[in-house]
Structures are given as C-alpha cells and as structure tokens.
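FYI, side chains are in, hydrogens and waters are out, and symmetry mates aren't considered; it's all heavy atoms of this structure. Numbering starts at 1 and runs along the sequence shown.
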Amino acid sequence: GKTYLARQFPNPIILNTDGNGKKINTPHVDIYDFETFVNVLKEIEEGNHTYETIVIDLIDDIKTLMEDYICKRYNVENLADAPFGRAFSDAKSIWKRLMIRLTQLPYTVIFISHVIQVTDEYDKSNTIEQPSLEQKYLNMTKGRTDVMIKCQKIGKTYLQICNEKRDIYLKSDFKNEAILNAVQNVKQLFEDNKPVIQDASKELKTPKKKLVTTEPVMKQEVILTGVDNEAE
C-alpha cells in the first residue's frame, strides 16, 4: 500500500527504480542510474510541468545508484577501495546536498522504503522495525522528513500508521484539501482525531458512562514504508 498511498497525493509523478511503474497509470519515469535521476530532478526544478507531488520509489535504490556513480568516478568496485576515504566523504556530501535540494522544491516529496527488523542497540534481546535505507543515509533523510508513515497489510485490511512526526498536526493546519484527503485515514497523525479520555473519577459518580481510551502507541520509526508479507 505504499505506492497506493503516495498516488493519492495531488498530481504525482513517480521516479521509479524497481520497474513497477508500468503496472500503474500514474505518470512515472524509470530510473536506471544516478545520472538519469539528477537529470530528471533538474527538469522538475525548472517547473515546466503541472506535477505537485514527487514520489521517489525506492529511495534505497537511489542510494545504491549514487554509490555506483561514485565508484565509477574513482574507477573502483567499492567505496572502500577509493584512496583516503574520499568515496565515503563524497557519498555523505552528495546525499546531504540531495536531501537539501529535494526538500527545497515547492512540491510535496515522498520517499518510499521497505521495512526491515534490526536488533535494538539499547536492548540486544529486542528487535525493532525501521526503513531498510542504510542508517547513515536514513538519519540524513529523516532529518528533513515531516511525517513518517508505515503501511501494512493485516489480513485483507491495509493500515496506515504515523509512527513519527516533526510537529503536532491538526486537520485545520492543512490548507491543501487534496493532501488532507490523502492522509485523513492515517492513524495517529492528527491530534484532533484522537478519542477523548474521560476523567476516571467521573466514572464513579456516573457509572452509566463508559471510559474511552486510546489505542496503544506503536513504537516503529519509519518514513513511508511497507511490510510486504501478510501479518497474522
């Protein structure tokens, strides 16, 4: 449901790396190398189009294509083979500039990633879910992300859960109605969409009233990610 959710945003174009763009009728560009991605980004920046949403599907593949581009520059097989750690330095610098460049666009930008399970660094006996994007790139990407949404299929039901957000959001904050319509079903996103918790002391005085409680908060940190397999 990741791409499905992204397609609900106004006038999207998908920069697609996994070949699935042909399966949908949303405008898309197939990205095969980092040079193509940069050239498409330049055309988007020129503004001679009607797109309002830029969907990068998958952001993990853009990272891989960028590293391949840097390896070609140094004529090496891996970043570690470049002298004096220059390739690693270039990768960090290019990715940081790319995030700045993308988030300065006057459009909604959506990064799509998969979910993986990793060992909790604070509790080695516990596993947590996070995007599959490599940690150092993930940190730079999350730093410029407003909302992170996990998409999951449970049985025949598709769930969209906001696991992390930069600010407190109300539905009235959204001036673009099309964007509001796209995210209105995302759980835990809007503060004015949560059940009201009654004072437990009032329950004693008025036993006919039922105490309303919120759902337990899930602890995953994600961008726009999805679990491919069905969850029991």
Side-chain angles (χ1 to χ4, degrees), residues 2-3 6 13-23 28-46 54-105 107 109-146 148-151 163-164 220-229:
K2 306 181 297 299
T3 304
I13 181 171
I14 300 178
L15 310 187
N16 185 263
T17 62
D18 58 8
N20 288 330
K22 300 180 179 64
K23 299 178 181 179
H28 72 278
V29 179
D30 290 325
I31 305 297
Y32 299 105
D33 53 48
F34 193 66
E35 294 92 328
T36 301
F37 177 70
V38 172
N39 289 334
V40 171
L41 184 57
K42 287 180 180 178
E43 290 192 39
I44 291 173
E45 287 173 326
E46 291 173 0
I54 314 302
V55 181
I56 302 177
D57 186 7
L58 294 158
I59 189 63
D60 310 62
D61 292 340
I62 297 298
K63 184 271 295 186
T64 300
L65 296 176
M66 179 197 70
E67 292 182 341
D68 291 343
Y69 166 78
I70 295 173
C71 285
K72 290 178 183 177
R73 176 190 290 178
Y74 287 99
N75 195 27
V76 294
E77 292 290 331
N78 301 291
L79 295 182
D81 297 332
F84 309 109
R86 291 174 180 170
F88 288 113
S89 178
D90 285 357
K92 180 180 178 180
S93 177
I94 291 175
W95 192 262
K96 185 176 181 179
R97 293 201 307 270
L98 177 62
M99 290 300 107
I100 293 174
R101 188 171 171 181
L102 285 167
T103 52
Q104 286 180 344
L105 290 173
Y107 314 112
V109 178
I110 298 176
F111 306 104
I112 294 182
S113 180
H114 289 302
V115 162
I116 59 172
Q117 289 191 340
V118 298
T119 302
D120 188 343
E121 61 178 323
Y122 302 107
D123 181 3
K124 300 301 182 181
S125 63
N126 186 37
T127 58
I128 58 176
E129 290 183 335
Q130 71 173 40
S132 55
L133 185 62
E134 188 178 341
Q135 190 66 53
K136 60 182 179 182
Y137 296 110
L138 175 62
N139 291 340
M140 287 186 279
T141 305
K142 284 174 60 178
R144 294 187 171 272
T145 302
D146 296 301
M148 302 184 195
I149 300 171
K150 177 184 176 182
C151 301
N163 298 118
E164 190 171 329
Q220 297 88 351
E221 291 185 353
V222 296
I223 306 175
L224 182 50
T225 62
V227 179
D228 291 333
N229 59 312

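- Residues satisfying the side-chain contact (heavy atoms from CB on, under 4.5 Å) test with Glu46, not counting sequence neighbours, are Asn48.
- Lys72 pairs by the side-chain contact (heavy atoms from CB on, under 4.5 Å) definition with nothing, not counting sequence neighbours.
- One distance of note links CZ of Phe111 with CG of Leu58; it measures 13.0 Å at 0.5 Å rounding.
- Here Leu138 contributes atom CG and Gln135 contributes atom CD; the two are 5.0 Å apart, rounded to the nearest 0.5 Å.
- When all heavy atoms of Ala87 and Leu79 are compared, the closest pair comes out as CB-O, 3.4 Å.
- Under a cut-off of 6.0 angstrom, the local environment of CD in Glu77 is sparse, with at most 12 non-hydrogen atoms contributed by other residues, nucleotides or ligands.
- Asn75 is linked by a side chain to side chain donor-acceptor pair (under 3.5 Å) to nothing, counting only residues two or more places apart in sequence or in another chain.
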Quiz prompt | Worked verdict on Ile116 versus Gln130 for side chain to side chain contact (heavy atoms under 4.5 Å, CB included) | solution = CA-CA 6 Å; Ile116 59 172; Gln130 71 173 40; 4.3 Å; yes
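- In terms of the ring pair (Phe, Tyr, Trp, His ring centres under 6.0 Å) criterion, residue partners of Tyr107 (sequence neighbours excluded) are, by chain and number, His49.
- Between the side chain of Asp57 and the main chain of Asn16, no donor-acceptor pair closer than 3.5 Å is present.
- Going from atom CD of Glu164 over to atom NZ of Lys150 covers 14.0 Å, rounded to the nearest 0.5 Å.
- Here the straight-line distance linking atom CD1 of Ile59 with atom OG of Ser132 works out to 10.5 Å at 0.5 Å rounding.
- Heavy atoms only, all atoms of each residue included: Lys92 and Met140 are closest at O-SD, 4.0 Å.
- The ring pair (Phe, Tyr, Trp, His ring centres under 6.0 Å) contacts involving residues 57-94 comprise Phe34-Tyr69, where partners must be two or more places apart or lie in separate chains.
- With sequence neighbours left out, the salt bridge (Lys or Arg N to Asp or Glu O under 4.0 Å) criterion links Arg73 to Asp90.
- For the side chain to side chain donor-acceptor pair (under 3.5 Å) test, no residue two or more places apart in sequence or in another chain qualifies with Asn126.
- Here NE2 of His114 is found 9.0 Å from CD1 of Ile112. Values are rounded to the nearest 0.5 Å.
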Run the side-chain donor-acceptor check on residues 96-105: report pairs under 3.5 Å with partners two or more places apart or on a different chain.
{"residue": "Arg97", "atom": "NH1", "partner": "Ser93", "partner atom": "OG", "Å": "2.6"}
{"residue": "Arg101", "atom": "NE", "partner": "Glu45", "partner atom": "OE1", "Å": "3.4"}
{"residue": "Arg101", "atom": "NE", "partner": "Glu45", "partner atom": "OE2", "Å": "2.8"}
{"residue": "Arg101", "atom": "NH2", "partner": "Glu45", "partner atom": "OE1", "Å": "3.0"}
{"residue": "Thr103", "atom": "OG1", "partner": "Met99", "partner atom": "O", "Å": "2.7"}
{"residue": "Thr103", "atom": "OG1", "partner": "Ile100", "partner atom": "O", "Å": "3.3"}

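- A pairwise comparison of heavy atoms in Lys2 and Ser113 identifies CD-O, 3.3 Å as the closest pair.
- Taking all atoms of both residues into account, the shortest heavy-atom contact from Trp95 to Lys63 is CZ3-CA, 3.5 Å.
- Listed by chain and number, the residues in a side-chain contact (heavy atoms from CB on, under 4.5 Å) with Asn78 are Asp81 (sequence neighbours excluded).
- Every residue was checked against the side chain to side chain donor-acceptor pair (under 3.5 Å) condition with Asn39, not counting sequence neighbours, and none meets it.
- Note that CG of Asp18 and OG1 of Thr3 are 7.0 Å apart. Values are rounded to the nearest 0.5 Å.
- Partners of Val40 by side-chain contact (heavy atoms from CB on, under 4.5 Å), not counting sequence neighbours, listed by chain and number: Leu15, Val29, Ile31, Thr36, Ile44.
- Listed here is the closest heavy atom pair of Ala91 and Met66: O-CE, 3.7 Å.
- Applying the salt bridge (Lys or Arg N to Asp or Glu O under 4.0 Å) rule to Asp61 yields no partners; only residues at least two apart in sequence or on another chain are considered.
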Quiz item: Passes side chain to side chain contact (heavy atoms under 4.5 Å, CB included), Phe37 versus Ile62? Steps please.
Solution: CA-CA 8 Å; Phe37 177 70; Ile62 297 298; 3.6 Å; yes
